[in-house]
Structure formats: C-alpha cells, structure tokens
Amino acid sequence: MTAARTLFVLACCAALSLTVQAESPKPIHPDQAAWSAPLGLGGVGGAWLLGSQEDEGIYQYRVRLEPGARIPPHIHPDTRNSTVLKGTLWVGFGESFDEDAMVAVPEGGLYLAPAGTPHYLWARDGAVEYQENGVGPSGTRVLQ
C-alpha cells in the first residue's frame, strides 16, 4: 500500500471513529427526563424520552398516572402502541368515556391505538406507568 493510500485509510478511520463517538448510545433514565402535565390534566405526568411530537421519526413517550387519574377521549394523527410498565391500565375506545366498555391491560400488556381512533384511559386500580411508541410528527386532540 502506498503512503498516500495509507494516510487516506487512516483519515477515513479517524473520521468514522469521530462519527461513532458522536452517535454513541447513551442511557436514558426516565427520572432525568423533563416531566410535565400533558394537556393540563391533574394526576397525569408525561416525558418525551426519544424524539418529540413535533419531530419526524420514532419517539417514546412515558406516562405516569396517579391512582384514579383519567385521560379523556382523544385522538392522535399517528398509530401508537403502548406497553404497560407498572400497574393495570384501563383502556376504552370511542368518543365518550364509558367505564363499562373499558378493558384492563395488565403490567407487561400492550394496546394499539390506530391513527385517528378515539380512545381514553383510566388508572382505576392504582398508579400506572406506560410507554407510548410511534412515528412522528404526532399530536393529541381531546374530544371532550
């Protein structure tokens, strides 16, 4: 290999190394995230762990519900899948909050809210933590 070619290969390796270092994965801990009360709802906290609703691309949104907290019927422009991390989340679909039509999603369970599908949530049996995943941009529109 010629000296010029060797220098070129070394320069490419150095550039690749810098790129990899710049994009090195970093642990994301929910307790270090910026938590807020989405939609001004009492007993509900949310934090964007990856991305945001304004960004294009994948996102992860962590939600904590205090015991008894409710999220009224709402829709999103994108499909979201949500995994229950703690507790039991009660989920209903439709434009009106109907306790009798809700189903329990236990810890470790998953539910899917297709784009534009009205749904509502309840921490009926105690505190709940779940994580929503989707592809943005996104948003939330409350129906009531």
Side-chain angles (χ1 to χ4, degrees), residues 5-144:
R5 182 175 249 179
T6 301
L7 285 174
F8 176 75
V9 169
L10 289 174
C12 288
C13 288
L16 180 59
S17 173
L18 291 174
T19 301
V20 170
Q21 285 178 339
E23 296 177 7
S24 294
K26 295 177 185 170
I28 299 169
H29 197 281
D31 290 333
Q32 296 171 343
W35 288 83
S36 63
L39 309 172
L41 297 171
V44 180
W48 293 98
L49 301 181
L50 292 176
S52 75
Q53 68 179 4
E54 292 85 20
D55 295 337
E56 289 189 23
I58 63 168
Y59 62 79
Q60 290 186 335
Y61 187 63
R62 185 72 58 96
V63 180
R64 292 176 178 161
L65 302 175
E66 294 177 5
R70 296 176 180 225
I71 298 178
H74 62 283
I75 59 172
H76 308 287
D78 59 311
T79 296
R80 293 186 177 195
N81 65 76
S82 298
T83 303
V84 179
L85 304 173
K86 294 178 187 172
T88 299
L89 180 64
W90 288 79
V91 179
F93 291 90
E95 294 185 7
S96 298
F97 201 104
D98 181 357
E99 293 178 5
D100 296 328
M102 299 181 86
V103 296
V105 182
E107 190 170 302
L110 174 92
Y111 80 92
L112 182 71
T117 301
H119 58 288
Y120 46 94
L121 309 165
W122 185 17
R124 184 177 96 173
D125 302 326
V128 173
E129 186 168 338
Y130 66 95
Q131 182 166 290
E132 295 183 335
N133 301 285
V135 178
S138 185
T140 300
R141 184 169 62 91
V142 176
L143 301 178
Q144 294 182 345

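One-based numbering along the sequence shown. Both backbone and side-chain heavy atoms feed into the values below; hydrogens, waters and symmetry mates do not. Nothing here was measured: the structure is a model prediction, and the numbers come from that model.
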| Chi angles and distances behind the side-chain contact (heavy atoms from CB on, under 4.5 Å) call for Asn81, Asn133 | CA-CA 5 Å; Asn81 65 76; Asn133 301 285; 3.5 Å; yes
When every non-hydrogen atom of Pro73 is compared with those of Gly94, the smallest separation belongs to CB-O, 3.8 Å
- request: Apply side-chain contact (heavy atoms from CB on, under 4.5 Å) to the pair Ile28 and Gln60, showing each step before the final yes or no.
  value: CA-CA 11 Å; Ile28 299 169; Gln60 290 186 335; over 6 Å; no
When rounded to the nearest 0.5 Å, the distance separating CG of Leu41 from CG of Leu65 is 9.5 Å
Separation between CG (Leu112) and CZ (Arg80), nearest 0.5 Å, reads 12.0 Å
Rounding to 0.5 Å, atoms CZ (Arg62) and CG (Leu50) come to a distance of 10.0 Å
Taking every heavy atom of Gly43 against every heavy atom of Ala69, the minimum-distance pair comes out as O-CB, 3.4 Å
Item to complete: Please confirm whether the backbone N or O of Leu110 pairs with a side-chain atom of Thr83, one donor and one acceptor, at under 3.5 Å?
Response: no
Closest non-hydrogen contact found for Gly116 with Pro118 is O-CD, 3.4 Å
- Query: Taking everything shown except Leu143 itself, do over 12 heavy atoms lie less than 6.0 Å from its CG?
  - Reply: yes
Tell me whether His76 contacts the main-chain N or O of Gly139 through its side chain, where contact means a donor paired with an acceptor under 3.5 Å. yes
Exercise. May I ask you to decide if the ring planes of Phe93 and Tyr111 are parallel, tilted or perpendicular, using 30° and 60° as cut-offs?
Key: perpendicular
Smallest heavy-atom separation, Asp78 atom then Gly134 atom, equals OD2-CA, 4.2 Å
For Gly46 and Pro38 the tightest heavy-atom approach is N-CD, 3.7 Å
Exercise. Are the side chain of His74 and the backbone of His119 linked by a donor-acceptor contact shorter than 3.5 Å?
Worked result: yes
So OG of Ser138 and CD of Glu56: to nearest 0.5 Å the spacing works out to 12.5 Å
Value for CD (Gln53) from CD (Glu132), rounded to nearest 0.5 Å, stands at 10.5 Å
To the nearest 0.5 Å, atom CZ of Phe97 lies from atom CE of Met102 at 4.0 Å
Considering only heavy atoms from C-beta outward, does the side chain of Tyr130 approach that of Leu121 to under 4.5 Å?
yes
| query | Hey, mind stepping through Tyr59 and Glu54 against side-chain contact (heavy atoms from CB on, under 4.5 Å) and telling me if it holds? | reply | CA-CA 10 Å; Tyr59 62 79; Glu54 292 85 20; over 6 Å; no
Thr79 and Ala115 have their tightest heavy-atom pair at OG1-N, 3.1 Å
- Query: Where the side chain of Glu107 meets the backbone of Gly87, is there a donor-acceptor pair that is under 3.5 Å apart?
  - Reply: yes
Flag, side chain of Trp90 to backbone of Asp125, donor-acceptor distance under 3.5 Å: no
Would Tyr120 and Asp98 count as a side-chain contact (heavy atoms from CB on, under 4.5 Å) if you check the C-alpha gap in whole Å, the side-chain angles of each, and the deciding distance to 0.1 Å? CA-CA 9 Å; Tyr120 46 94; Asp98 181 357; 3.6 Å; yes
Item to complete: Evaluate the side-chain proximity of Gln131 to Pro30: yes if any heavy-atom separation is below 4.5 Å, no if none is.
Response: no
